[in-house]
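This report refers to the structure that appears directly beneath it.
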2 protein chains.
Amino acid sequence: MKPKIEDVAKVAGVSPTTVSRVLNNRGYIGENTRIKVHKAMEQLNYYPNEVARSLFIKKTFLIGLIFPTTSNPFYGQLIFHLENIAATLGYKVLLCNSQGREDKEKNYLNMLQRNQVDGIIAGAHNKGIEEYEIPNLPVVGVDRYLSSKIPVVSSDNYHGGKLATQLLINKGCKNIIHINGPISLETPANLRRKAYEDIMRANQLTPLTYEIDDHFKIIKQLFEENPRVDGIFASDDLIASQVIRQAKERNIDIPTDLKVIGYDGTETTRLLLPELSTVQQPIKEIAEKAIELLVKQMDDKDDAIQLETIIPGKLIEGETTGG
Amino acid sequence: MKPKIEDVAKVAGVSPTTVSRVLNNRGYIGENTRIKVHKAMEQLNYYPNEVARSLFIKKTFLIGLIFPTTSNPFYGQLIFHLENIAATLGYKVLLCNSQGREDKEKNYLNMLQRNQVDGIIAGAHNKGIEEYEIPNLPVVGVDRYLSSKIPVVSSDNYHGGKLATQLLINKGCKNIIHINGPISLETPANLRRKAYEDIMRANQLTPLTYEIDDHFKIIKQLFEENPRVDGIFASDDLIASQVIRQAKERNIDIPTDLKVIGYDGTETTRLLLPELSTVQQPIKEIAEKAIELLVKQMDDKDDAIQLETIIPGKLIEGETTGG
DNA sequence: AACAATATGTCAACCGGTTGACATATGAAA
DNA sequence: TTTCATATGTCAACCGGTTGACATATTGTT
């Protein structure tokens, strides 16, 4: 059986309380005793039972992360940073891949509460949800409005959308189309679209947005319906990549006949598709801010917290928008 | 304060034991009582405290995952599947990004034990380690030998290496170079290299392997030292992508002058770089097998378990190896 | 010598849920 | 009527670590 404090105490020849005191640096402890206790712990291969500890102190140092999927390089990278920063602060991370499914999300939310997490960071779906408003449980949204009371961290989507659209216009594009994910979700990312439409109009151009729900069928359709398209702003790099592929198949030369810009600029995209112009999200900074806001909520309970944090992104010009 | 069983009992007008019985479906429970209890739980917004429960039943339903980073699309996708399958079995997942650093890995291992995880799946570093041999704690390695006693799941690396090398040879390449990660680590992935060298020799060709530790400096060097190279087998798609980029910069036409094949074939690579030939790893199957082996160890304690599981991968021919 | 500060021990309550032992009550079957 | 399956309650121990109260030594200081 796993050794417990009592066993350590016996081996070290001290009382269980003393061991606990050593473990938690409380009260007076002699240097000798400290050493004896540590030796005993080593000898027995003792690991303090955090479950028992958590039960008593009513804190688990667990943070729940709910995101669509680590498969997606954007979330993969974001989650990497979240976990990393959390770890430096002594927090551990429970991973939940909701896959954009409401039922899964609800189950995870339920599970996280049963497991007494100290907080939740979510960048998943929403909709009817006031489900995230949990009394005494700090929550932070990433690129997702979870409720009117829950703080959100996101990149400056409007500015990003503007940068992308303006770049295409500057490069001489006249027929610029925007493609984005399903906008039934009310996310800050929709501001990319809003910026696109604003900038287009400001330049006497007609905005046209395609909403991609599922397949690249939409992209095919886009090309068929708009033979004169000369600029495409995709709301993420993966979609942009599909666009490029489709253009190649139709012998549309990029960037001569068509200029393409994506969004996200993850490490992986930069490596695999370095020629793609994109608006790079400040992923690490988003993660830092999200954790900071979460921890702040956990520490000073009902202090007022910034409800919306917007971090600027960065335009990366690649070959897909021309020299 | 959060409601506890006692509160539920009061509201439902029953005893705490009865509530526990309802919760765990033990003993006799009348339909009426069951409903009353559920209503009370709903009314109070009661969530059973898993921490308390875990303490008593000595099982947390937690699985620790130690991998270099979710940023990498291969691990991202693998971890997605691991979490997913674990969830269907009622297990939760503690995520650890070790970043290939021994110190971090050790800390995580320590942390997971303190948190009483039921098992660990690791695909990280190793080296001096017998550290993973933890009494009574099931462990499974993914593409990593963790110890002589710990089961490993991996794709058929030898076969994959063979497929890749053979393809290049079939396509007429004579000067084929292999690039892989640092092989100081003893991993099943080294079999890709072994296969490459075997096949080369079997075809009266001279194998030449470059070991990439850090940068694409090595790739530059490779091109400079081997102007006649006409085939490159990279041990992962990200490296292959760098090779392609470097070749473009040197105006080496792919596939005419140089054929390139990678390894992994993640969803992300397939989307972003569909033209890349690669050996696709059976990521989902690896995840399934890993969980299966872990759960088997947890269930029938010291049943003999398969020490090495090898799952075949799949050759994907893209344009980078020619028509 | 008196008084602190330091060092350690004993003991019990507590965190929230689980479980087994045992008591009791009801209704139905034998 | 007896007996049994069903239904629920009471009670206490337990999981492993934490904490406060209190006792007792041993130092060192003044």
Side-chain angles (χ1 to χ4, degrees), chain A residues 1-41 44-62 110-118 136, chain B residues 1-41 44-62 110-118 136:
Chain A
M1 208 55 317
K2 281 181 197 156
K4 44 173 103 172
I5 270 195
E6 209 187 311
D7 304 313
V8 176
K10 258 179 210 147
V11 171
V14 299
S15 77
T17 304
T18 301
V19 176
S20 176
R21 288 205 257 252
V22 170
L23 240 32
N24 297 289
N25 267 310
R26 269 179 5 129
Y28 297 114
I29 315 135
E31 199 46 40
N32 270 344
T33 321
R34 193 190 300 277
I35 291 168
K36 269 194 301 182
V37 169
H38 278 122
K39 265 196 189 141
M41 295 197 301
L44 289 174
N45 230 286
Y46 171 78
Y47 290 89
N49 185 328
E50 283 290 329
V51 174
R53 181 161 207 274
S54 294
L55 179 59
F56 187 85
I57 67 174
K58 289 167 176 283
K59 169 142 190 169
T60 55
F61 288 92
L62 276 176
N110 188 299
M111 179 273 276
L112 293 175
Q113 287 183 76
R114 287 199 313 268
N115 284 276
Q116 317 294 120
V117 294
D118 294 338
N136 299 314
Chain B
M1 210 51 319
K2 280 180 198 159
K4 42 173 102 173
I5 270 196
E6 210 188 309
D7 304 313
V8 176
K10 258 179 209 148
V11 171
V14 298
S15 76
T17 305
T18 302
V19 176
S20 177
R21 288 204 258 252
V22 170
L23 240 31
N24 298 289
N25 267 311
R26 270 178 5 125
Y28 297 114
I29 315 133
E31 199 46 39
N32 270 345
T33 320
R34 194 189 300 276
I35 291 168
K36 269 193 302 179
V37 170
H38 278 122
K39 264 196 189 141
M41 296 198 299
L44 289 174
N45 231 287
Y46 171 78
Y47 291 88
N49 185 329
E50 283 289 330
V51 173
R53 181 160 206 273
S54 295
L55 179 59
F56 188 85
I57 66 174
K58 290 166 176 285
K59 171 144 189 168
T60 55
F61 287 94
L62 277 175
N110 187 299
M111 179 275 275
L112 293 176
Q113 287 183 75
R114 287 200 313 267
N115 284 276
Q116 317 294 120
V117 295
D118 294 338
N136 298 314

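Chain naming here is simple, since letters A, B, ... match the order of the sequence lines and numbering starts at 1 in each.
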Nearest of C:dC11, C:dT8, C:dT18 to any side-chain atom of A:Thr18?
C:dT8
What residues from residues 48-55 of chain A pass a heavy-atom cutoff of under 4.0 Å to DNA chain D?
A:Asn49, A:Ala52, A:Arg53
Any donor-acceptor N/O pair, B:Asn49 side chain to B:Val51 backbone, under 3.5 Å:
yes
Decide yes or no for B:Leu23 and B:Ile5: does some side-chain heavy atom of the first lie under 4.5 Å from some side-chain heavy atom of the second?
yes
Are A:Arg53 and B:Arg114 side-chain neighbours, meaning at least one heavy-atom pair lies under 4.5 Å?
no
Does A:Lys2 reach the side chain of B:Gln116, with side-chain heavy atoms less than 4.5 Å apart?
yes
Is there a side-chain contact between B:Asp7 and B:Met1 (heavy atoms, below 4.5 Å)?
no
Return the value, rounded to whole Å, for the distance between atom CG of A:Leu23 and atom C1' of D:dG17.
9 Å
Distance, rounded to the nearest Å, where B:Arg21 contributes CZ and D:dT10 contributes C1':
10 Å
Report which part of the nucleic acid B:Val19 touches: base, sugar-phosphate, or nothing (heavy-atom distance under 4.0 Å, all strands).
nothing
Provide, to the nearest angstrom, the distance between the NZ atom belonging to B:Lys2 and the C1' atom belonging to C:dG17.
14 Å
Output yes when at least one side-chain N/O atom of B:Asn24 is less than 4.0 Å from OP1 or OP2 of C:dG17, else no.
no
Side-chain touch B:Asn25/B:Arg34, heavy atoms, less than 4.5 angstrom:
yes
Check whether any side-chain N or O of A:Lys58 sits under 4.0 Å from OP1 or OP2 of C:dC14, and answer yes or no.
no
Under a 4.5 Å cut-off applied to non-hydrogen side-chain atoms, are A:Thr60 and A:Asn115 in contact?
no
Closer than 3.5 angstrom, by distance alone: can the side chain of A:Ser54 be matched with the main-chain N or O of A:Glu50 as a donor-acceptor pair?
yes
Grab the CD-C1' distance between B:Glu6 and D:dT10 for me, whole Å please.
14 Å
Angle separating the five-pair end axes of the helix from C:dA1-D:dT30 to C:dA30-D:dT1, nearest 10°, is 40°
Whole-Å distance separating the CZ atom of A:Arg114 from the C1' atom of C:dG17:
14 Å
Atom of B:Asn45, atom of B:Pro3 and distance for their closest heavy-atom approach:
O-CG, 4.0 Å
Provide, to the nearest angstrom, the distance between the CD1 atom belonging to B:Ile57 and the P atom belonging to D:dC14.
19 Å
Heavy-atom contacts under 4.0 Å between residues 26-39 of chain A and DNA chain D, which residues?
A:Arg26
OP1 or OP2 of C:dT18 versus the side-chain N and O atoms of B:Ser20: is any pair under 4.0 Å?
yes
Gap between atoms NZ and C1', on A:Lys10 and C:dG9 respectively (whole Å):
16 Å
For A:Lys39, is the NZ atom crowded, meaning more than 12 foreign heavy atoms sit under 6.0 Å from it?
no
Between B:Ala52 and A:Leu55, the two heavy atoms sitting closest are CB-CD1, 3.7 Å
Can you see which heavy atom on A:Gln113 is nearest to which on B:Tyr47, and at what distance?
OE1-CE1, 3.1 Å
Name the residue closer to the 5' end of DNA chain D, choosing between B:Thr17 and A:Ile5 according to the nucleotide with the nearest heavy atom.
B:Thr17
Among D:dC14, D:dT18, D:dG17, which is the nearest nucleotide to the side chain of B:Phe56?
D:dC14
